[in-house]
Amino acid sequence: MYLRIAHLYLKGHDSDYAEIFINRASLSMSSTTDPELQVKYKLCYAKLLDFRKKFLEAARRYLELSLESRLSTSEQNELLRNSILCAIIAPAGVYRSRLLSSLSKDERSQNFIFHAMLRNTQLGNLITHEQVALFENKLEEHQQEKLANGMTILEAAVMEHNLLAISHIYKSIKIENLSFLLRVPPQQAETVVGKMIAEQRIAGSIDQIEQIIKL
């Protein structure tokens with residue numbers, strides 16, 4: 001019953017109430033032997049992570065569920081699609097790269113119109129504006145929200161990804177040149193680099209005097 005209620009709240013985009021009932025359902029999951037109920041719980045939990053913008057973890061769980069034999073082929077493909085969407089907009093880093101590699105190797109991913117963007121992302125290539133425009137139309141409403149810095153979730157993810165791609169090309173780069181490549185103001189480029197360095201998602205340092213980023 002709790003999972004049915006949670007599912008309805010998720011369909012209504014109310015993740016707060018959905019989380020309450022998912023938490024209640026989790027208390028009985030350890031003792032249940034019903035595999036279908038366990039799958040329903042995993043589906044609800046993955047969707048909750050997605051709504052909570054924990055995209056990397058949501059993508060991982062969606063991918064696992066896309067291999068669930070108890071689900072229909074169409075359901076499996078939808079879950080794989082969700083996994084790809086979440087993985088691409090997740091924060092750049094080692095764990096995301098590993099997940100993107102798994103998704104790109106999955107032959108089923110070739111059936112999606114945004115496979116080229118997945119492939120580019122997985123290979124660490126720069127993502128083009130044309131690819132972003134095509135991909136953006138596939139995102140759900142909560143995945144298109146703006147962050148505190150004024151950028152959308154996708155814009156921020158693409159900028160971080162492109163920054164990571166640039167770090168494999170340059171050993172050092174002036175902040176002004178980096179901002180040109182990323183198509184953002186210099187201050188914003190420096191802030192993003194500093195954040196990624198602090199979170200150990202990219203190796204490097206910032207020379208404030210020379211205005212150079214060493215990667």
Side-chain angles (χ1 to χ4, degrees), residues 1-93 95-96 99-100 102-103 106 108-109 112-114 117-118 121 132-161 195 199:
M1 180 179 71
Y2 290 144
L3 289 177
R4 192 178 301 115
I5 296 172
H7 176 69
L8 291 172
Y9 275 122
L10 287 171
K11 285 187 69 175
H13 303 281
D14 191 336
S15 59
D16 291 332
Y17 275 107
E19 184 171 16
I20 292 173
F21 288 97
I22 289 173
N23 288 339
R24 290 179 182 175
S26 68
L27 299 176
S28 60
M29 282 301 105
S30 58
S31 59
T32 186
T33 56
D34 185 345
E36 290 190 6
L37 191 62
Q38 291 173 340
V39 170
K40 287 179 181 178
Y41 172 77
K42 290 177 181 178
L43 287 168
C44 282
Y45 189 64
K47 194 65 179 177
L48 177 65
L49 289 169
D50 189 347
F51 271 106
R52 290 302 192 197
K53 300 180 180 61
K54 296 180 180 180
F55 297 121
L56 189 60
E57 182 62 17
R60 187 180 69 80
R61 291 176 182 268
Y62 279 140
L63 178 57
E64 290 176 358
L65 285 163
S66 76
L67 302 171
E68 175 55 60
S69 60
R70 293 179 181 84
L71 298 175
S72 67
T73 301
S74 61
E75 289 173 322
Q76 291 174 339
N77 288 335
E78 181 66 18
L79 287 163
L80 180 63
R81 174 185 177 278
N82 292 345
S83 181
I84 295 172
L85 292 177
C86 285
I88 289 178
I89 61 177
Y95 295 111
R96 172 178 178 263
L99 182 58
L100 287 168
S102 297
L103 289 166
D106 193 316
R108 298 173 299 168
S109 68
F112 297 107
I113 194 171
F114 44 76
M117 182 165 176
L118 169 63
T121 308
V132 170
L134 181 64
F135 180 80
E136 190 173 24
N137 293 330
K138 308 301 178 183
L139 295 175
E140 294 186 32
E141 185 178 344
H142 70 278
Q143 296 170 333
Q144 299 184 39
E145 293 178 5
K146 287 196 172 185
L147 303 172
N149 59 11
M151 301 182 75
T152 65
I153 293 171
L154 177 60
E155 287 171 343
V158 169
M159 182 171 67
E160 287 187 357
H161 168 83
K195 181 174 181 289
E199 294 174 350

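When all heavy atoms of A157 and A90 are compared, the pair lying nearest together is CB-O, 4.2 Å. The minimum heavy-atom distance between N137 and A133, with the atom names listed, is ND2-O, 3.4 Å. What you find for Q76 and L67 is that their closest heavy atoms are NE2-C, 4.2 Å. In terms of heavy atoms, I22 sits closest to Y45 at CG2-CD1, 4.1 Å.
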* Verdict with supporting geometry, E36 and K40, salt bridge (Lys or Arg N to Asp or Glu O under 4.0 Å) -> CA-CA 6 Å; E36 290 190 6; K40 287 179 181 178; 5.3 Å; no
* Could you go step by step and tell me if K47 and Y62 meet the side chain to side chain contact (heavy atoms under 4.5 Å, CB included) rule? -> CA-CA 8 Å; K47 194 65 179 177; Y62 279 140; 3.2 Å; yes
* Asked: Does the side chain to side chain contact (heavy atoms under 4.5 Å, CB included) test come out yes or no for K53 and I153, once each step is laid out?
  -> CA-CA 9 Å; K53 300 180 180 61; I153 293 171; 3.8 Å; yes
* Asked: For L49 and F55, what are the C-alpha separation, side-chain angles and deciding distance, and is it a side chain to side chain contact (heavy atoms under 4.5 Å, CB included)?
  -> CA-CA 7 Å; L49 289 169; F55 297 121; over 6 Å; no
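Judged by distance alone, the side chain of E160 and the main-chain N or O of P91 form no donor-acceptor pair under 3.5 Å. Between the side chain of R61 and the backbone N or O of A46, no donor-acceptor pair lies under 3.5 Å. A donor-acceptor pair under 3.5 Å links the side-chain atoms of E155 to the main chain of T152, judged by distance alone.
Inspection of the R60 and S83 side chains reveals no N or O donor paired with an N or O acceptor under 3.5 Å. No side-chain N or O of E140 forms a donor-acceptor pair with one of N82 less than 3.5 Å apart.
A distance of 10.0 Å separates CD of E57 from CG of L99, quoted to the nearest 0.5 Å. For the atom pair L80 CG and S66 OG, the distance stands at 5.0 Å (nearest 0.5 Å). Interatomic distance, OG of S28 versus OH of Y2, reported as 8.5 Å (0.5 Å rounding). Distance check, rounded to the nearest 0.5 Å: CD of Q38 to CG of L43 gives 12.0 Å. Taken to the nearest 0.5 Å, the CG atom of L71 stands 10.5 Å off from the NZ atom of K42.
Considering only heavy atoms from C-beta on, S109 comes within 4.5 Å of I84 through its side chain. Within the 4.5 Å cutoff, the side chain of D50 has heavy atoms near those of the H142 side chain. Contact check for M159 versus M151: side-chain heavy atoms found under the 4.5 Å cut-off. Between I89 and V158 there is no side-chain heavy-atom pair separated by less than 4.5 Å. Looking only at side-chain heavy atoms (C-beta outward), F114 and L85 come within less than 4.5 Å of each other. Counting only heavy atoms from C-beta outward, the side chains of K54 and L48 never approach each other to under 4.5 Å. Between Q143 and L154 the shortest side-chain heavy-atom distance does not fall below 4.5 Å. Contact check for I88 versus L100: side-chain heavy atoms found under the 4.5 Å cut-off.
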Donor-acceptor pairs under 3.5 Å, side chain of residues 4-15 to any protein atom, not counting sequence neighbours: which ones?
| unit_1 | atom_1 | unit_2 | atom_2 | d |
| --- | --- | --- | --- | --- |
| D14 | OD1 | D16 | N | 3.4 |
| D14 | OD1 | Y17 | N | 3.3 |

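Taking the side chain to side chain contact (heavy atoms under 4.5 Å, CB included) definition, one finds that I113 meets it with L134, K138, sequence neighbours left out.
Residue-environment remark: CZ (F112) exceeds the threshold of 12 foreign heavy atoms within 6.0 Å.
Taking 4.0 Å as the cut-off between side-chain N and carboxylate O, E19 and R52 count as a salt-bridged pair.
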